[in-house]
Asker: 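Take this structure first; my questions come after.
A note on names: the letters A, B, ... follow the listed sequences, proteins ahead of strands, and every chain is numbered from 1. Keep in mind the model is a prediction, meaning the values are calculated, not measured.
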2 protein chains.
Amino acid sequence: MKAQSLHGHLDALLLAVLEQGPLHGYAVIEALRTGSAGQLDLPTGTVYPALRRLERAGHVASTWSTVNGRERRTYQLTDDGRRALAGERSGWREFRTTVGRFLDTGPASTAPA
Amino acid sequence: MKAQSLHGHLDALLLAVLEQGPLHGYAVIEALRTGSAGQLDLPTGTVYPALRRLERAGHVASTWSTVNGRERRTYQLTDDGRRALAGERSGWREFRTTVGRFLDTGPASTAPA
DNA sequence: CTTCATGCGTAGAAAGCCTACTTGTCAGCC
DNA sequence: GGCTGACAAGTAGGCTTTCTACGCATGAAG
């Protein structure tokens with residue numbers, strides 16, 4: 001699926017993935033891919049800058065570690081990030097409900113209510 | 001709510017509103033506002049260009065009419081637009097499912113399943 | 001030694017929405 | 001008559017976010 005539809009929700013996804021434990025950038029991409037059954041295959045050019053943005057915003061913190069000669073920057077959620085994630089989640093529910101009011105209630109849909 | 005989150009879903013919303021019957025631009029904005037309980041209050045600078053885009057794409061057609069001396073451009077869904085809307089709807093479901101996999105399954109959420 | 005998977009990163013382009021503004025009619029009020 | 005506010009359409013420029021396409025480096029496999 002087009003990741004362009006993510007616009008504005010990517011940060012929430014990244015925070016949600018990191019909520020389950022610290023990961024480095026490459027692993028975040030894999031977590032999103034496997035966790036979505038292959039639907040989300042984000043390019044590094046999308047994820048890395050986004051993680052930096054989250055770090056600048058104070059939602060995540062990063063630490064360097066060298067594993068097998070490979071440099072890894074491991075990201076982990078901060079307390080502030082946890083609060084941000086909660087906000088993103090409620091924002092997501094609101095968004096889903098609002099848009100769903102128009103798109104879920106179709107003429108030939110499995111009416112949800 | 002921030003309409004920026006719409007990014008990519010606005011077209012689907014407009015098509016969905018017009019599915020219920022032809023409307024002019026201003027009425028589309030009101031339909032979105034009332035239909036969303038005030039959540040979606042889109043500025044004209046967002047809606048009008050979007051409707052033009054949909055017209056260029058062949059998803060809607062417009063006709064001018066003058067009511068009480070006021071010029072109205074009424075938009076209505078084309079057959080192509082109906083097909084596009086169906087695609088947008090399935091795209092929306094996929095998007096919702098995929099993102100929901102990460103954001104709905106929170107630690108303190110009303111688990112949907 | 002070449003290729004591939006892992007791993008990080010940047011630069012420039014493209015897309016989409018928002019803010020702010022303009023134009024015009026009509027109704028109501030002073 | 002002049003002013004304000006709701007209705008109705010539209011444009012221009014800016015901002016944010018994501019994507020495409022690259023570059024650099026290590027280690028394992030052939």
Asker: B/Leu51 has an atom CG; how far is it from atom C1' of D/dT11, in whole Å?
Answerer: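 About 15 Å, once rounded to whole Å.
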Asker: Return the value, rounded to whole Å, for the distance between atom OH of B/Tyr26 and atom P of D/dG5.
Answerer: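 For the pair B/Tyr26 OH and D/dG5 P, the rounded distance is 14 Å.
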Asker: Side chain of B/His24 only, heavy atoms from C-beta on: which candidate in D/dA9, D/dT18, C/dC17 is closest?
Answerer: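 The nucleotide sitting nearest to the side chain is D/dA9.
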Asker: Determine whether a donor-acceptor pair (N or O, by modelled atom type, separation under 3.5 Å) exists between the side chain of B/Thr66 and the backbone of B/Arg70.
Answerer: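 It does not hold such a pair.
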Asker: With a 4.0 Å limit, can you tell me whether B/Arg73 has a side-chain N or O closer than that to the phosphate oxygens OP1/OP2 of D/dA9?
Answerer: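 Negative; the distance criterion is not met.
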Asker: Taking side-chain contact (heavy atoms from CB on, under 4.5 Å) as the criterion, tell me which of A/Arg72, A/Arg73, A/His24, A/Arg52 meets it with A/Ser62.
Answerer: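 Testing A/Ser62 for a side-chain contact (heavy atoms from CB on, under 4.5 Å) against A/Arg72, A/Arg73, A/His24, A/Arg52 leaves exactly one candidate, A/Arg73.
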Asker: Can you tell me if the side-chain N/O atoms of B/Arg72 get under 4.0 Å from OP1 or OP2 in D/dA9?
Answerer: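 Indeed not, no polar side-chain atom of B/Arg72 lies that close.
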Asker: Please give, in whole Å, the distance from C/dA15 P to B/Leu10 CG?
Answerer: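 Result: 16 Å.
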Asker: Tell me: CG of B/Leu13 to C1' of C/dC17, nearest whole Å?
Answerer: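 About 13 Å, once rounded to whole Å.
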Asker: Nearest whole angstrom, please: distance from the C1' of C/dA15 to the CG of B/Asp11.
Answerer: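 About 11 Å, once rounded to whole Å.
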Asker: With the side chain of A/Trp64 defined as its heavy atoms from C-beta on, choose the nearest nucleotide among D/dG10, D/dA9, C/dG9.
Answerer: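 The answer is C/dG9.
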Asker: Side-chain N or O of B/Arg70 versus OP1/OP2 of D/dA9: is the shortest distance under 4.0 Å?
Answerer: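 For B/Arg70, the contact criterion (side-chain N or O under 4.0 Å from OP1 or OP2 of D/dA9) is not met.
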Asker: For D/dT16, take OP1 and OP2 only and decide whether either is under 4.0 Å from a side-chain N or O of A/His7.
Answerer: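 Answer no for this pair, as no side-chain N or O of A/His7 is under 4.0 Å from OP1 or OP2.
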Asker: In whole angstroms, how far is the C1' atom of C/dC18 from the CG atom of B/Leu32?
Answerer: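 Taking CG of B/Leu32 and C1' of C/dC18, I get 16 Å after rounding.
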Asker: Angle class for the A/His9/A/Phe95 ring planes (parallel below 30°, perpendicular above 60°, tilted otherwise)?
Answerer: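 Aromatic pair A/His9/A/Phe95 classed tilted.
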Asker: For A/Val47 and A/Gly69, take the nucleotide of DNA chain D holding the closest heavy atom to each; which residue's nucleotide lies nearer the 5' end?
Answerer: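 The residue whose closest nucleotide sits nearer the 5' end is A/Val47.
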Asker: Indicate yes or no: at least one non-hydrogen side-chain atom of B/Arg83 is less than 4.5 angstrom from one of B/Asp80.
Answerer: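 Result yes, sub-4.5 Å side-chain heavy-atom pair found.
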Asker: When you measure from the side-chain N and O atoms of B/Arg53 to the phosphate of C/dC17, is any distance below 4.0 Å, counting only OP1 and OP2?
Answerer: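 Yes, B/Arg53 has a side-chain N/O under 4.0 Å of OP1/OP2 on C/dC17.
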Asker: I want to check one thing: is the phosphate of D/dA9, taken as OP1 and OP2, less than 4.0 Å away from some side-chain N or O of B/Thr44?
Answerer: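 No, because none of the side-chain N or O atoms of B/Thr44 sits under 4.0 Å from OP1 or OP2 of D/dA9.
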Asker: Is any side-chain N or O of A/Tyr48 closer than 4.0 Å to OP1 or OP2 of C/dG9?
Answerer: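 No, outside the criterion.
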Asker: How long is the line joining CZ of B/Arg52 and C1' of D/dT11, in whole Å?
Answerer: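 In whole Å, D/dT11 C1' and B/Arg52 CZ are 10 Å from each other.
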Asker: A side-chain contact here means heavy atoms from C-beta on lying under 4.5 Å apart; do A/Val17 and A/Leu13 qualify?
Answerer: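 Result no, sub-4.5 Å side-chain heavy-atom pair not found.
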Asker: Nearest whole Å is fine: how far is C/dC18 C1' from B/Ile29 CD1?
Answerer: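 Spelled out: CD1 on B/Ile29 to C1' on C/dC18 is 13 Å.
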Asker: Would you mind classifying the nucleic acid contact of B/Gly45 as base, sugar-phosphate or nothing, using non-hydrogen atoms under 4.0 angstrom?
Answerer: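 Counting heavy atoms under 4.0 Å across all strands, the contact made by B/Gly45 includes a base.
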